There are 2 protein chains.
Amino acid sequence: MPRTDTRWDAELVPDARGRTVRPEPDCPVEVALAAVSGRWTTLVLRELMHGPASYGELRERLPEISPKVLAERLQTLGERELVARERLLGFPVRTSYRLTPTGEALRPLLVELYRTGVELLEHRSGAAAPPRAGNR
Amino acid sequence: MPRTDTRWDAELVPDARGRTVRPEPDCPVEVALAAVSGRWTTLVLRELMHGPASYGELRERLPEISPKVLAERLQTLGERELVARERLLGFPVRTSYRLTPTGEALRPLLVELYRTGVELLEHRSGAAAPPRAGNR
DNA sequence: CAGTATCCCTGTTGATACTG
DNA sequence: CAGTATCAACAGGGATACTG
């Protein structure tokens, strides 16, 4: 039930889907957050942003992830159609995982997460306002 | 321990802090994610982005959040110096919460989360590539 | 190789009642 | 008003061993 007694910031909350009183799974912010949330998720996405990889390759690149969690992440990403699975014939079996176009759509978000994280770390360390590439 | 055998995408992983093999609390992506993660967190941030508010005002705007969780969120945000608390004198007691400049730094991230969420929802509904208002 | 199946353990959330 | 205290319920994550 949307509020009508307050002005909404049009940049922050452009439409009604963001004007919720409780966490709604179909609020865009929740949708995006769900896509990248969960331990190891952003690391798996990072690896796949570099190109397709097999299950075993992912384990090599992320040696400390457990098989269970990796499988779980890949399955969830698959259900959300962010990642596509392809079984390669031959022996031994290989499976190739790649980002779908929808998955690629997460790239700007990951970049923004990184940027924001850097900014928070700078504030934290008490650095003076640092120069931002060609602005300010 | 950073990988050296693969090329890193400079936009996605601009420096060594993002080249981790495991989730590191001081990786910028994790820092930013931690700032907005947790149920109700983005909603509290949204409210404070509209301006300072008291504990009770926040409860009015988010009627279903429990007092415990709201207090918890405000404390965590406070520890991270994203939110500042100010006790107002008088009776009854009032406390005003407001974003710090560091907290304001989360705004572009929230905007990007919303934008990405909308995009994911569009992909999900199988809509054709929609026009993007002359942006990015 | 590419996963499942178990089991355990911890952190998170929520409801509710109470206090300075 | 602005929280804290308590307790119950649950989901997420990890270690390990096993299978097609």
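Order of the sequence lines fixes the chain letters, A, B, ..., with proteins taken first and strands second; residue numbering starts at 1 for each chain. Predicted model, so just to flag it, every value in this text is computed and none were measured.
- A donor-acceptor pair is defined here as one N or O able to donate and one able to accept, closer than 3.5 Å; no such pair exists between the side chain of B:Glu104 and the backbone of B:Pro101.
- Looking only at atom types and distance, the side chain of B:Thr95 has no donor-acceptor partner in the side chain of B:Arg85 under 3.5 Å away.
- When each of A:Thr76, A:Val83, A:Leu62 is tested with A:Val44 by the rule side chain to side chain contact (heavy atoms under 4.5 Å, CB included), just one qualifies, namely A:Leu62.
- Inspection of the A:Glu112 and A:Thr116 side chains reveals an N or O donor paired with an N or O acceptor under 3.5 Å.
- In this entry the distance linking CD of A:Glu60 with P of C:dG3 reads 15 Å, nearest Å.
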Completion exercise
Letter by letter from the 5' end, nucleotides 5-20 of chain C scores (B base, S sugar-phosphate only, - none; protein heavy atoms under 4.0 Å) BB------BBBB----

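- Once rounded to the nearest 0.5 Å, the distance linking CZ of A:Arg73 with OG1 of A:Thr41 reads 4.0 Å.
- A:Arg85 has its CZ atom 9 Å from the C1' atom of C:dG3, to the nearest Å.
- Candidate nucleotides C:dT4, D:dG3, C:dA2 were compared by shortest atom distance to the side chain of B:Thr95, and D:dG3 ranks first.
- As a whole-Å value, the separation of A:Glu86 CD from C:dC1 P is 19 Å.
- In DNA chain D, runs of at least 3 stacked Watson-Crick or G-U pairs (N1-N3 plus N6-O4 or O6-N4, or N1-O2 plus O6-N3, all under 3.5 Å) give these stems: C:1-20 with D:1-20.
- Looking at A:Arg107 and B:Glu11, a side-chain N of the basic residue comes within less than 4.0 Å of a carboxylate O on the acidic one, giving a salt bridge.
- Closest approach to the B:Tyr55 side chain among D:dA2, C:dA2, D:dC1 is made by D:dA2 (side chain taken as heavy atoms from C-beta onward).
- The environment of A:Glu81 atom CD is sparse: at most 12 non-hydrogen atoms of other residues, nucleotides or ligands sit within 6.0 angstrom.
- We find that CG of B:Leu62 is positioned 14 Å from P of D:dA2, with the value rounded to whole Å.
- Protein atom CD of B:Gln75 is 10 Å distant from nucleotide atom P of D:dG3, rounded to whole Å.
- OP1 or OP2 of C:dC1 has not a single side-chain nitrogen or oxygen of A:Tyr97 nearer than 4.0 Å.
- Put simply, CD on B:Glu57 is 13 Å from C1' on D:dA2, counting in whole angstrom units.
- One atom, CG of A:Leu70, and another, P of D:dG14, lie 12 Å apart when rounded to the nearest Å.
- Using a 4.0 Å cut-off between a side-chain N of Lys or Arg and a carboxylate O of Asp or Glu, B:Arg22 and B:Glu24 qualify as a salt bridge.
- Atom-to-atom, CG of B:Leu88 to C1' of D:dA2 comes out at 12 Å; the value is rounded to the nearest Å.
- B:Tyr114 and A:Gly18 get closest at one heavy-atom pair: OH-N, 3.0 Å.
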